[in-house]
Every structure is written in structure tokens, then in C-alpha cells.
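Source: prediction; values computed, not measured. Throughout, protein chains are lettered first and strands after them, A, B, ... in sequence-line order, and every chain is numbered starting at 1.
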Amino acid sequence: MAVITYLEAIRQALFDEMARDERVFVLGEDVGVYGGAFKVTEGLQARFGEGRVIDTPISETAIVGAAIGASYMGMRPVAEVQFIDFIACCFDMLTNFAATSRYRNGAAVPIVVRGPCGGGVSGGPFHSRNPESFFLNTPGLKMVEPSTAYDAKGLLKAAIRDDDPVLYFEHKYLYRRIKDDVPDEDYVVPLGKAIVRREGTDVSIVTFGAMVHTALDAAAQLAEAGVQAEVVDLRSLAPLDRDAILETVSKTSRVILLHEATRTGGIGGELAAIIAEEAFGYLDAPVTRVASLDTPVPYAPPLEAAFLPKVEDVVSAAKRLVRY
Amino acid sequence: MAVITYLEAIRQALFDEMARDERVFVLGEDVGVYGGAFKVTEGLQARFGEGRVIDTPISETAIVGAAIGASYMGMRPVAEVQFIDFIACCFDMLTNFAATSRYRNGAAVPIVVRGPCGGGVSGGPFHSRNPESFFLNTPGLKMVEPSTAYDAKGLLKAAIRDDDPVLYFEHKYLYRRIKDDVPDEDYVVPLGKAIVRREGTDVSIVTFGAMVHTALDAAAQLAEAGVQAEVVDLRSLAPLDRDAILETVSKTSRVILLHEATRTGGIGGELAAIIAEEAFGYLDAPVTRVASLDTPVPYAPPLEAAFLPKVEDVVSAAKRLVRY
Amino acid sequence: MYYFARLARSIEERLVLLFRQSKVVGGLYRSLGQEGESVATAYALEKTDAILPLIRNMGALTTMGVRPREIFLQYMARAESNSRGRDLNIHIVNLPREGAQAPVIVGPISMLGDSIPVAAGIAMGARMRSIRKPLVAMAWIGDGATSTGAFHEGMNFAAVQKAPLVVIAEDNKYAYSTPIAKQMAIARIDERAAAYGIPHEMVDGNDMLAVYDVAKRMVDRARAGEGASLVGVDTMRMQGHAQHDDARYVPKAMLDEWSRKDPITRFRDWLVERAVGTPQDLDDIDDMCKTYAAEEAGLAEESPMPDPATVSRGVYAGDDFAQPAIEFVKSPFSTP
Amino acid sequence: MYYFARLARSIEERLVLLFRQSKVVGGLYRSLGQEGESVATAYALEKTDAILPLIRNMGALTTMGVRPREIFLQYMARAESNSRGRDLNIHIVNLPREGAQAPVIVGPISMLGDSIPVAAGIAMGARMRSIRKPLVAMAWIGDGATSTGAFHEGMNFAAVQKAPLVVIAEDNKYAYSTPIAKQMAIARIDERAAAYGIPHEMVDGNDMLAVYDVAKRMVDRARAGEGASLVGVDTMRMQGHAQHDDARYVPKAMLDEWSRKDPITRFRDWLVERAVGTPQDLDDIDDMCKTYAAEEAGLAEESPMPDPATVSRGVYAGDDFAQPAIEFVKSPFSTP
Ligand SMILES: Cc1ncc(C[n+]2csc(CCOP(=O)(O)OP(=O)(O)O)c2C)c(N)n1
Ligand SMILES: Cc1ncc(C[n+]2csc(CCOP(=O)(O)OP(=O)(O)O)c2C)c(N)n1
Ligand SMILES: [Mg+2]
Ligand SMILES: [Mg+2]
């Protein structure tokens, strides 16, 4: 057991998996000598050599395409997208080649594509996005986003060992801001399983990533106001843990869907649909989404602050629901 | 007034707008000499010349990027993506450059990107997709998909005259299969406005594109069974016509969300969320999605038939809802 | 090589018949006039190397020993096809299997250019795994497809990594209806490679011996660890983009000129001149290919259409729905 | 040119101070050592042409007459900045306005390479509209960015269309931490253009006169309707990728060598030798630039931060939320 940062947990997962399995290798821009734009891959090249930690040209499509090809030959590539926003540049390779390969020809694509997502650091319109819903309508892909150091390590190990293409989103706001206890021994956090971060009976907050911490702060404030909020951390965005979602709704009958991506077309829609279809009988109040405003991500701190979902937004939404 | 096909209506809209406004031009693969893979641009180059009907290299990113640049200089480009599936190859240029330009610097991007979408013609995994939900989480883009020849012409004219980037999806299954009355004189179908295709009181079917016809067939069958279904054709997918959606739900209290894209992560989620949030009080039964199965689009006719939503699926879903 | 080229043409001719009987699902793409370069390039490989063909590289498949039945099964979208009727025409995949000495085959996806980064990854991956060391990957790409960003990124990465990859760039004068002059401003397609600092050569694509010669040199240097290269082949698409396209945009004179350069006829004449084979021998091969293609098509027709109940199977790992492996056959003629 | 280069450097030096006082929002990217090529290339344009600079082309902005205050406003994300605080650093845009004789400026988006297809479209669009006929577009691109698919597609399309576009490819030895040898397998960056069949030349990027000379020739031919071209500049990024990067991956010897080739110092020496100006004159210009940058920074600091109430404005047309136009200034020195 050791208390480490979210970022260090990701680094350790890469380190452990590369040490455990010679088929695992890392490729991406500046991941080698420099150790990655955020230093997530620091020390890997020194330990495993240039052959297994590959600095690539600025070519996201080639990075992911080469990862697919290498995985066909039995390797387990972990590709880094320097900022997850640039995953837009390999959208085709991921959704058309990687996602369909197994279905079309039974050809597995065991790759992981990871990178920093999210705002709150004045990254502006091109270094702050949360891309999960770009990919949610493409069967064949898996997606995860950890909210703790423990999950960051366990989910990445599970993703690397998984036989399908996994998009692993790490929230850059959490990199060095959160720390928690992480076992030294090997463990995985299974894909497709959510976790309840705080038990409650009055209202459910279903969320993931950095917003889990916003939700927990809101829950603490709500408790003072006598409202017991349950916080569910999805952890996996594809496949979604339907049972966990339906269970919390059946328990509280009131649900807030909280995500950092912009509201319209965000994953909150899919969650709302699952609940409206399968938990309609349990609902005592309207499903409520709390998300970023429907604009590009603005750069200036006062604008970004207005853009992002805040603790108060969650608190007031929860109060509205319990009063409904 | 003349009865013309959906495809001819699109062609006429391009022809009329190019004749009306010298700033309008067309670019894409094989749109010139050949008249487009589906002959949508047939005759345009003969009439308007190579300068305004440009055959491009196989470069979707360059096609859309050049359209953006030309629009900055005052032109009104209409870019064709030969099959809409290939829009994945310019996802970055559309979501990052075109969508954010006005918000960032007040620089308008009046372009239209159009192409054939949808299945039912044994196109296989790469010539059959419905991409609307890839783009639904990107503010700054508009999206439309007509279901009739009348709308095909009117929506395309509106899209070309609009000052924002518009993605115009034309369902290839409808190209030559449907015909209807289209005025010869100039008219537009405004963006953002849905239309009720059939009035009903018992259940609402909210849909768009080729599925409108599936919905109408289902409504006819339901009528025989004594169930009056209302069919709402969204026409615009971004922005959505919230009023029309809420109005039909408040009228029937039961709603089916029907789309051809695969179920998980499809636009049905956003529609369900809007309804669950704003029409909760009206609902007498669970919101129900009818959509394609969560797989890539299969090629063999028996597989594709099993994959796509069918009239029976809508009928049985409607019966379940009225019985609820 | 003559047999493989002939067989490719016979298979396609048989497919045309099936197409007319509307037994082919979707479009049919001919490689008429290009069988020579597909065969002669693939012929330069070991039978355990990797190929990434495109829709017009039927000859590469026959040369690597793919059983013709596999191709008919695919085009007719049958249950026993490699994709189980889920994907089109020659979109087939054969990955390394324990023990198996078969070639690695990764058919295209429709998005042109995407196969080049994947080819680079196959070449790099094989090198890392030291599979069949040293494995060489060969990918074909059309003139139009060289305009895609994916082609550029894949070529550049392969060049920097000195990946054992040989890319065959086919100048067949058109991309669908688009003439090469509207596709690129260079006179020779192999100049695309100048941007990547890799060796490149242009060759008469309808001269099978010349093509084999260049391809062999590039394959040898790749195997020797000298890295990626590109071969530009000068050829002609003798029919429309697909069966629906009458290609009226192609000047008649151009077709006439090229029909005189048919690669199979040229190779046949050479064989006869050199007395490698008599006209009779070669006619026999022709008949043999026709009959073989007909038989194989017949066998494929016996395969049922896929069972709709299987439509949702095999999207993710963990469900045991396996795709049938590709069947390979030995050529009746000894190959060096 | 000396003034524009000096001013660019002074602006950045002032930005460093503001950065240390954490008044700069986000990262700060220096063009130290590259001011010369940015200025000398842009100097070859008319004041009404179009430029698509990247983050290191501060010199192109000073040369086209962008008022320094605009740059400080952007870096400090102020309400009166061209992007109203919505986008980073030099992400500014100035489109043709009725009557205005200002240059067209389209700042980058972060996705590298994307500006090249847009530049091609600007060049083609201006030609179609016969705006300021004939307008020439100039775009800058880093060595790393030439590896993107967008660069390839844009260059190829511009070449086929003979678009009046001049692309300046900057070999500054690194892309972030990645040395050029891991970026491309060619010795000269201008060879990227060989794939497009357009003229290309390599020039010493720290020799402002040589750069101007090549750029002028390329601009003239573009204006004459002879189409696109590429100029490769050999230069060096003298600091880290951004302020946070100490660039310890760059060999010290390399920096020492290049620091002796500083473009501004070299041009200054030349001016003095040729007695175009005395050291005193040039010192005066230096001081003038320092003071001017300081004043402009001060004015920018007076601008408020954006009002959160405006955050949702101007996503779509129809809401009258307009961005402020960019202010341009005349250089105190007559420019030919
Ligand atoms: C990215 C992408 N854009 C467009 C298409 C549509 N398309 C299919 S084949 C083709 C022409 C291909 O020409 P070329 O690459 O020269 O190959 P050829 O058909 O001549 O063998 C086009 C445009 C595609 N498959 N992929
Ligand atoms: C498509 C894309 N991928 C990755 C990045 C992250 N990134 C920003 S700058 C940079 C290095 C750019 O190097 P170069 O093009 O040589 O320009 P320079 O910084 O040397 O001027 C990288 C990798 C990006 N901006 N866009
Ligand atoms: Mg071709
Ligand atoms: Mg550089």
C-alpha cells in the first residue's frame, strides 16, 4: 500500500504491465525521451528501451493504425494521444477499422488508446474536451475513465489485458490533484463495473471522472441540508453497468446525470434513455442532467468557470428533485 | 408542381442555388464529369463549368478544409462526401475547425457537407452508417435529414443559405424509391422545425429520414388495430425542435423514439433525456427506443434485415406502450 | 505466375456470370488488365509473408494460395465465408496462428489509405515479435488512395521506423471517374515516396517479369532490414470502377492502346517465344483455370446464407463466435 | 524588417514578464531564433494578402501590422481580445471586410496540419471571388506538423488546383521533444513537396535576406498564377516547446552553435556593414520596440476579463454577438 497520485498510478500500471508481458509496448508523441507531455510515461524508455517506448511523428492515424497492425501480430500496444482532443484526428481509424475488426473477420484488436481529457485548466477549445459521446454509438469499442488513483491503475491494467480496443480517458485535472491508497501487488478493476462512492437514499448522482469529486462535494453539502445523496461512479462508459444504474434509481427514485462534456448529445442522454426505458416505474421525479454549457470550451478562467458544471448546480438540482 | 424523386429534388436544389447565387459551388470526389457516385450532381458541371463543380482528390479533410477556407472568403461551398461513412475521415476538421470558428473569432463558416447515409442496400459496414450522433455533442454544427422530396429540396436550400456549417444527410435508400410533389418556385424548409406526418392520440413515434416511412407503415397497421399513432418527422437533428417533441408527448403521453443508427449512443438518448426532463409529468408509460442492433452494419441481406428496425418492431412496441 | 494471373481472371469472369444472375451481393470490382502486377508483386514474397490487398488485387490472393471458393463465398455473402457474410468482397483476414505456415492476410476496409498505417504496424509488430523472422509486409494502394492523409501518415511512420514494408502504388489512370491529373500534380506516382526518403521505382505494370524483378529487389532489401520502399506500377483499369460504371469518361483510344498491352497475353507470348511452354500447354492452363473457377463457384453456392440468429454474435471478446479460417491451396505448378 | 523582427522579440520578452507575473493564461510559446524567417517570409507579401501563422510566427503578425496590444490581449484572455478570451495566444482571425484594406489573417487551431487545407481554400476562394485579385495566401508549418494527414491532403489539393499558396516549412530541429530524425527520413524538409509536384527550395532560415529572396520569388509566381510552392527554412528553436519545457533533451553544443547564428544579430551586422544604419540607429529601434511593447502590454492589462454572462453567446448565427475586429498599425518606417 502507498499513497500515490492519479498520474503516478497510471505510470505504475504501464510499468507493471510492460514488466509482466513483453508484448506490451507504448507509442505516441514525446512518450520516450521526454516521458510524455504530462510525464505519464516518464522513465519507461530508460527501463524498457526505445524498442518498446516509441516516439512517433505527429500522426494520430498512423499511431492508432500501427497499433492495430502490431496487435494483429500478437502485440499489446498502448497508444498515447497527447491531448485526447487529438483523438478526433484518428476517429476514422478507431471507429471503422478497430471497432469492426472482430465482428467482420473475427480479428481481435487488443489495443489501448489513452490520453488526457477534460477542462478546468484553461486549456481552451482544443485541449479540454471530453470525447466519450463521439464513440458511444460505435459498437466494438470499450471506454473507461477513472476517478481515483486506485481505479486509474486497476482499470488500465484491465484495459491492457482486455482483448478488445479500449479507450482510456484520464482526466488531466486529477493528475496531480488527487492521491489515494494503491496496493503494490497486482490487481485489476474489471471493465463494465460501476461503484457506489457514497450511499444515500434521497437522490442518486450518476457520474464519472473528475465530476465524481464534484458530486461528492455536493453530497456533503446536501447532507448538511438533510438530503442523503448516493454517488455512483460509472468508471466504464462502454459497456455501461446497467444493473448499477437501475439499482440506484430503484433505491432513490430520483436521479441526476452529471457529466463534464457539453449537455446536448452527451452520455447523459444514453443514461436517461436507459432509466426512462427500464426504471420508469421507480421514478418519482424527472431525470435531470447537469453538464457543461452547449458551447466550445472557452479559454478565459471566468468563462470556463461559467461553462463547467459546479457543485452548486448539483446541489440545487438535487434540492429541486427532492422537492418535486 | 411536379412529382420528382428525392434524388432529383436534391439535384434541383443544388442547380437552383448555383443559378441564384454565384458564390455557391460544389466540390467532392467524382461530382463533376461523372455527376457523383449516385448522380446527384449530374449535369451541374455542364451547366456551371469546372470552376464551380470541382472534382477533388480522395481527401475528405482537404475537401472540408478547403470549403471552410473558401467560405472565409465569401463563398458558399457545398461539399459532397461520396458515402457519408467517409465523414469519419474529416471528423476533426468539422468538429474542431468548422464548429468552433464562429464562437472563437466570430468567423462564420457557411458551408454544407452532404452525402448519402443509411442502410438497407447491402452496403456493408462501411457504406451504410448513420452518423448523426457522432456530431451531436459538438456545439456549432447543424444537422438535417429529409424524408421527402419536398423537404430534400427545401432543407438543402435552407442549409446553403444558412450562415453556419450544416451537415446534410440524404438517405440513399430513398434516393429513387420515393417521389412527391415539389413546387417549381423557390421555397425553403426552415432548419430546426419538425413536422407531424400523421396525427394520432394514443402513441407518438418520433423519428426522421427513411424511418419516417417505416413509422407511417407501422401507424397504418396500428390504426387497423385501433391504435392511433402520431408520427413526428424531426427533419432537423441539430438544433432539435423541442417544442414539437414536447407537444406530441403531452398529447399522447406515450412515445417511441425510432432511428436507424444503432441503439446505444444514438440520438434516441438525447430525445429520451429531453422528454424525461421536460415532459416527465405527461408520461404514462416508459419512453421506448426502436433502433438498429448494437453491431457494425452487416452485409448479407438476411443479417442486415435482422439488424435494421422493422415495421413489426414499431408496431409491437406501440402495442406494449398502449397496454402499459 | 501465368497460372495465378489466369486464375484471377477466370475467377472474376465467373463472378461476372454470378453477378448477372444477381448472386453477387453488392458491387463487383474487376481487376481486368491489372492481374499481372498483382501477381508479379505478390510472387516476390515468401508464402508466409503478410499482404494487404485492395479490391483490385485478386491476383495477390491467388498467388498467396487463397482457395478460390473463399472469394466466391465472400462475394455471395455466404455463412461459411471468412467474414460470415458480414463484410464485402475480398475483405478477408488471416492472422498468424500457432504452427500454421499460411500467409498473413489483412483485407482492406473501405476507407482508402487506412491499410497503410496498419501495414506499417504489421511489419513493426512482426519484427518485435520476431515472427517468421524476418517477415515482409506488402500493401497495394491506388493512385487516388495516395491522396489520403492515412497513406501519408503510414508511409512516413514506416519510413522513419525502417519497417519491412513494400508498398505497391498502382497508377491505373483513374480513381473512379477522376483522372490522375486531377489527383496529383506529379508525373510519376512513385514520386509520392520522395517525401519519405525511401527508395522508389516506376515499372511497366503490364510487364510481369519487370514487375517481379523490381518487387523482388524491394522485398529482399526489406527482409535484409533496409526498410520500407515503394514501387509505382504504370497500368490501366480496363473496365469501369465497378460493374455499374460504363466508364464512358475514358477515351476509347486509350482503352484500345492499353488492350494491346494486356499483361497476360504479353507474358504468354514471352513464354511461347522462350519455349517455356507451347501454346497448347498454355491453353490447357487456361481451361484448367476456367474449370477450377467454375467448380469452386459451384461449391460456394452450396453454402447457405448466414443465420439471422447470429447477427449479434462476436462484437466483443468472450462470446465464442469464431470466424472460419481461410483455406489455402497449393498451386499445381511448382513455384520456386 | 529589422524593426518587425525586433518588435516580435520585444513582444515575447514582455510576454515572459507577464507570464512570470502569471498574467498570461495558459502556456507561452517563444519564437526565439525564428523571428527572422517569420518576418522575412511575410515581408514578401502585400499588406492585403492572407496569412495563416502558427504559434511561433509572431514575426508574421508584426510584419502584417497587427497591433501588439492585440497579442497581449489574447495571451491574457481579455474581453477586448479578438477571441474575447475564448481562444488561446495568437488564435486570431481577420476576414475580408467591405472596403477594408487589411490583411486576411487566419490563426491556427491547435490540431496541427488543419490550417493547410484551409489555406488552400482561402487561396482558391479568393481566386473565385477575384478578391483583391490576385491574392496570395501564405501558411507556416512546423517540421512535426508536416507528418499530419491534413498537411498532405491540403498540399496535394493546392498543387492540383494550382492555388496561389506559399507554404513555409520550418525545420527548427524539434517537434516538442521529438528530433527531426524521428519525424521524417528525409534530409531536407522541402523534399516533402516533391510528392506534390510543386517547386520547393531550402534556405538558411536565419539569413533574413536570403529568406526574403526565396519567399518573394515564390510569392511572385503564385501571384502570376503559377500555383503553389513550398519553402523549407533551416532554423532552430532556441527555447523549449513552451515556458514549462527546459528542453534538456537538446544538446548544449547545438544551442551554442545556433546562438552564434541569431537572425536578428546577423541582419543587424549586415545593416551596419552596409552602413544602412549606424549601431546607434539600431539601438534606437531596439529601445523603441521595448518601449512600444511595454506600453501596449500596459494598455492590454487595462482591458477587463470577459463577462461570464457572455459565455453562451455567438455559438450560432443570428445572435448579434460580434467579435472585435483586429486593429492594425502602420510601421514607423516606410516599407517598400
Ligand atoms: C476515404 C475514402 N474516400 C472515398 C472513398 C470512395 N471510393 C471508393 S473507391 C474510390 C476510387 C479509388 O481509386 P484508386 O485509389 O485509384 O483505386 P482504383 O479503384 O483505381 O484501383 C473512391 C473514391 C473511399 N473508399 N474511401
Ligand atoms: C494533430 C496534433 N497532434 C498533436 C499535437 C500536440 N502538439 C502541439 S505542438 C507539437 C509539436 C509541434 O512541432 P512542430 O510542428 O515541429 O512545430 P514547432 O513547435 O517546432 O514550431 C505537438 C506534438 C497537436 N497540436 N496537434
Ligand atoms: Mg486508380
Ligand atoms: Mg519543429
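Expressed to the nearest 0.5 Å, how far OG of B:S101 lies from CG of D:L95 amounts to 7.0 Å. In this structure, CE on B:M93 lies 7.0 Å from CD1 on D:I109, to the nearest 0.5 angstrom. To the nearest 0.5 Å, atom CE of residue D:M128 and atom CD of residue B:E22 are 12.0 Å apart. One finds the CE atom of B:M73 at 12.5 Å from the CZ atom of D:R127 (value rounded to the nearest 0.5 Å). Here the CG-OH distance, from D:N94 to B:Y72, works out to 12.0 Å after rounding to the nearest 0.5 Å. If you take CG on B:L27 and CE on D:M124, they are separated by 6.5 Å, rounding to the nearest 0.5 Å.
Of the atoms belonging to B:I54, it is side-chain heavy atoms, and not backbone ones, that fall under 4.5 Å from chain D. Residue contact with chain D, scored on non-hydrogen atoms closer than 4.5 Å, is absent for B:A67.
Heavy-atom minimum distance, B:D92 versus D:M111: OD1-CG, 3.1 Å. In terms of heavy-atom proximity, D:G154 sits nearest to B:A62 at N-CB, 4.1 Å. The two atoms that bring D:E153 and B:T61 nearest to each other are OE1-N, 2.9 Å, heavy atoms only. Scanning both residues, D:Y316 and B:G140, for their nearest heavy atoms gives OH-N, 3.0 Å.
For B:E247, the CD atom is loosely surrounded, since the number of other residues' heavy atoms within 6.0 Å does not exceed 12.
B:N105 contributes a side-chain N or O that, together with a main-chain N or O of D:H91, makes up a donor-acceptor pair within less than 3.5 Å. A donor-acceptor pair is defined here as one N or O able to donate and one able to accept, closer than 3.5 Å; such a pair exists between the side chain of B:D164 and the backbone of D:A317.
Between chain D and the residues B:P165, B:G51, B:C90, B:S59, the largest count of heavy-atom pairs under 4.5 Å involves B:S59.
In this structure, D:R86 satisfies the cation-pi test against B:Y103, with its NZ or CZ atom closer than 6.0 Å to the six-membered ring centre and inside 45 degrees of the ring normal.
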